[in-house]
K.L.:
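Here's a structure for you.
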Amino acid sequence: MLRDFLTMMIVISIICRFYFYFYGSMSYKFPTKEKLKSKKLIDKLFAEGRSITQYPIRLVYLQIKFEDDTKCKVGVTASKRNFKSAVKRNRIKRLMREGYRLNKHLIFNNNENQFAFMFLYLGKEMPTQPKISTTMIRLMKKFATENSNRDIKE
RNA sequence: UAAGCAGGUCGCCUUAUCGCUGAUUUCAAUCUUUUGGAACCAGAGGAAAGUCCGGACACCAUAGUGCAGUAUAGCGGGUAACGCCCGUCCGUCGUGAGGCGAGGACAAGUGCAACAGAGAGAAGGUACAGGUAAUGCUGUAGUGAAAGCAGGUAAACUCUAUACGGUGCAACGCCAUGUAAAUCAGUGUUCGAGGGCUGCACGCUCAAGCUGAAGGGUAGGCGGUUAGAGUUAUUGAGCAAUCAAUAACCUAGAUAAAUGAUAAGGAAGUCUAUAUAUUAAUAUAGGCUACAGAAUCCGGCUUAUGGCCUGCUUUUUUA
RNA sequence: UGGCCUAUGGUGUAAUUGGCAACACAGCUGGUUUUGGUCCAGUCGUUCUAGGUUCGAGUCCUAGUAGGCCAA
């Protein structure tokens with residue numbers, strides 16, 4: 001048992017190191033600066049922004065110039081109509097934030113523009129972490145391809 | 001063993017990696033008070049919920065007077081206060097442990113009472129029996145929730161006693177940004193408009209603007225903001241709620257709203273499957289683990305909810 | 001965060017001061033008609049839920065549930 005445990009630990013640590021070696025330049029942080037807070041910005045985003053849906057998540061985005069030099073500002077919502085309990089809403093928002101945090105490198109590998117994002121949860125049932133992360137990855141890829149196309153057109 | 005009653009208690013734990021918020025220390029940059037990095041420490045509840053009561057705190061007169069309005073209601077105590085808690089009497093429900101009770105006044109006035117009944121509130125007088133000179137004069141019956149009685153009903157108006165000024169941290173104070181001290185109409189300056197967020201009147205106070213139309217700007221930050229009717233332990237007073245003394249401790253402060261994700265291991269309970277056993281149980285594998293998220297802060301109440309423990313009641317069975 | 005309001009057949013509304021829950025439309029069943037429509041008759045209710053006051057509650061009181069509205 002003890003030996004098994006030790007070997008497992010070693011393997012995990014090695015994997016972790018590899019992971020870091022690969023994505024050493026990527027940061028998984030999600031500080032306050034990158035959160036979308038201003039009411040003005042949010043109104044503008046919903047008025048003018050474009051959207052991509054990958055059920056059960058919808059992404060609304062808009063290309064804006066910020067005053068500070070953050071790459072993007074991100075907000076996350078779950079509607080009160082579908083989830084009445086505050087605990088469930090919080091849980092969904094946390095999961096989505098986690099999904100964004102771990103996969104945001106997919107967007108910013110090839111892109112230098114500044115964006116405002118808003119993730120909406122459209123489903124009516126409680127999600128699980130792997131589901132959210134997979135849908136997030138798909139969304140990100142969709143976004144990346146669409147956005148690069150648009151750049152070429154412009 | 002089954003059903004039930006009352007009370008207490010806990011609200012999964014550990015490690016690793018990545019991440020969030022705050023305090024402290026330190027390093028670097030800098031417009032000298034901000035930004036970034038590192039270390040270490042801390043980071044949701046018993047109900048944080050409902051917003052049903054009561055306070056603290058802030059502003060409006062150190063919160064005034066009268067009416068109106070609202071709430072409470074045996075008696076005694078506790079408390080900062082309460083519609084809360086404790087004790088106790090009475091009523092009521094239950095076989096019982098126990099539960100529940102807005103439990104003052106109808107001998108101030110007003111209203112209400114379907115059906116039934118002779119008769120439901122102010123007079124009249126049904127049946128039977130008794131009695132008288134005579135009479136509802138007396139008793140009983142029947143109707144109904146209530147009937148010859150100072151009737152019933154106040155969770156009907158009302159009266160009595162007591163309490164309550166209003167608005168709420170989106171209170172309030174400061175800074176920054178921005179425009180419009182603009183236009184039109186009405187009204188007003190000691191003969192006082194209007195405000196002080198009270199339904200009305202009085203009183204006090206500020207007092208040169210105020211109201212409407214159409215239109216413009218902002219919608220950011222800091223303080224308030226967490227050391228308090230605080231938590232734990234011991235001793236004493238009291239039937240108890242609770243109070244007093246002593247000692248130790250510091251324990252969340254977010255703001256599109258932090259306290260999360262992944263992996264591994266463990267504890268308790270429970271369900272399913274397999275094997276042993278075939279009364280109890282044991283082992284292995286897998287699954288499940290409730291209600292629910294601080295938002296100015298406290299004291300209660302109410303509602304939601306997973307276990308565990310203690311005491312008691314009733315019935316049955318065994319000894 | 002604070003304040004306020006509403007709930008009656010499937011839908012929209014009534015019900016005076018507590019005394020038999022009413023109306024219209026829709027649905028369903030039957031009749032009339034050769035058939036359909038019109039018309040006629042019938043049917044469809046835990047008065048949001050749970051307690052209490054009362055002889056008696058849609059109405060009065062208390063607590064909840066659901067829905068809605070207002071205030072920078």
Side-chain angles (χ1 to χ4, degrees), chain A residues 1-109 111-112 114-141 143:
Chain A
M1 283 295 287
L2 237 174
R3 268 189 199 168
D4 284 350
F5 185 72
L6 279 176
T7 48
M8 279 296 289
M9 290 302 297
I10 289 161
V11 166
I12 286 165
S13 64
I14 286 167
I15 287 168
C16 283
R17 269 180 209 170
F18 255 96
Y19 209 64
F20 268 91
Y21 187 74
F22 262 109
Y23 299 105
S25 58
M26 284 353 305
S27 71
Y28 292 94
K29 288 180 181 176
F30 186 42
T32 331
K33 264 192 174 181
E34 292 189 11
K35 289 175 186 169
L36 184 61
K37 288 187 176 181
S38 145
K39 197 180 173 184
K40 256 186 166 178
L41 268 180
I42 292 162
D43 286 344
K44 206 178 178 187
L45 173 63
F46 277 110
E48 303 175 12
R50 303 182 169 210
S51 66
I52 307 172
T53 32
Q54 174 72 50
Y55 190 82
I57 300 174
R58 169 179 287 170
L59 168 66
V60 180
Y61 66 95
L62 185 67
Q63 193 173 330
I64 314 180
K65 280 199 174 179
F66 299 116
E67 292 178 3
D68 42 351
D69 55 345
T70 46
K71 273 193 171 177
C72 64
K73 297 207 178 218
V74 179
V76 150
T77 64
S79 78
K80 202 172 184 178
R81 193 169 287 179
N82 295 339
F83 298 94
K84 291 207 165 173
S85 149
V87 172
K88 287 182 182 173
R89 260 179 284 139
N90 276 348
R91 167 130 185 109
I92 289 165
K93 279 148 83 174
R94 280 166 182 162
L95 288 176
M96 276 160 75
R97 236 176 269 145
E98 196 69 10
Y100 168 77
R101 185 176 70 79
L102 294 173
N103 298 314
K104 68 177 185 177
H105 57 86
L106 289 173
I107 293 178
F108 297 103
N109 273 343
N111 213 316
E112 294 294 321
Q114 292 184 325
F115 283 99
F117 292 111
M118 180 65 82
F119 292 94
L120 309 172
Y121 189 79
L122 302 176
K124 292 187 180 178
E125 292 173 357
M126 281 303 289
T128 52
Q129 173 61 22
K131 232 186 179 182
I132 285 244
S133 60
T134 50
T135 50
M136 268 288 181
I137 289 167
R138 279 188 199 166
L139 247 185
M140 297 286 188
K141 283 179 181 171
F143 173 79

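Throughout, a chain's letter reflects where its sequence line sits, starting with A, and its residues are numbered from 1.
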K.L.:
Can you tell me, in whole Å, how much space there is between the P of B:U70 and that of B:A240?
P.N.:
43 Å

K.L.:
Which base sits across from B:G223 as a Watson-Crick or G-U pair, both distances under 3.5 Å?
P.N.:
B:C172

K.L.:
Could you please name the partner base of B:A81, counting Watson-Crick and G-U wobble pairs only when both distances are under 3.5 Å?
P.N.:
none

K.L.:
Is the terminal nitrogen or CZ of A:K93 (NZ for Lys, CZ for Arg) located under 6.0 angstrom from the six-membered ring centre of A:Y121 and within 45° of that ring's axis?
P.N.:
no

K.L.:
Side-chain contact, heavy-atom cut-off 4.5 Å: A:L59 with A:F143?
P.N.:
yes

K.L.:
Set out, line by line, the N/O atom pairs under 3.5 Å between protein and nucleotides 289-293 of chain B.
P.N.:
unit_1, atom_1, unit_2, atom_2, d
B:G293, OP2, A:S85, OG, 3.4
B:G293, OP2, A:A86, N, 3.3
B:G293, OP2, A:V87, N, 3.4
B:G293, O6, A:R94, NH1, 3.4

K.L.:
List the atom of A:Q54, the atom of A:L139, and the distance in Å for their closest heavy-atom pair.
P.N.:
CB-CG, 3.8 Å

K.L.:
Tell which nucleotide pairs with B:U140, taking only Watson-Crick or G-U wobble pairs whose two distances are both under 3.5 angstrom.
P.N.:
B:A127

K.L.:
Among B:A256, B:G260, B:C20, find the nucleotide with the atom closest to the side chain of A:E98.
P.N.:
B:G260

K.L.:
For the C1' atoms, the ones on C:U33 and on C:G45, what distance do you get once it is rounded to whole angstrom?
P.N.:
35 Å

K.L.:
Going by purine N1 to pyrimidine N3 plus the second Watson-Crick contact, or the G-U wobble pair, all under 3.5 Å, which nucleotide sits opposite B:G7?
P.N.:
B:C309

K.L.:
Rounded to the nearest 0.5 Å, what separates atom CZ in A:R97 from atom CG in A:N90?
P.N.:
8.0 Å

K.L.:
For RNA chain C, what is the dot-bracket line, given that a base pair needs Watson-Crick (N1 to N3, plus N6-O4 or O6-N4) or G-U wobble (N1-O2 and O6-N3) geometry with both distances under 3.5 Å, and | means paired with another strand?
P.N.:
(((((((..((((.....[..)))).(((((.......)))))....(((((..]....)))))))))))).

K.L.:
Taking atom C1' in both B:C169 and B:U255, compute the distance separating them and give it to the nearest angstrom.
P.N.:
14 Å

K.L.:
Between B:U167 and C:G2, how far apart are the C1' atoms? Round to whole Å, please.
P.N.:
11 Å

K.L.:
Between A:K104 and A:E34, which heavy-atom pair has the shortest distance, and what is it?
P.N.:
NZ-OE1, 3.1 Å

K.L.:
Starting at atom CZ of A:R101, determine the distance to atom P of B:C20, rounded to an integer number of angstrom.
P.N.:
7 Å

K.L.:
Which of residues 133-140 of chain A have a heavy atom under 4.0 Å from RNA chain B?
P.N.:
none

K.L.:
Think A:R97 has a side-chain N or O under 4.0 angstrom from the OP1 or OP2 of B:A258?
P.N.:
yes

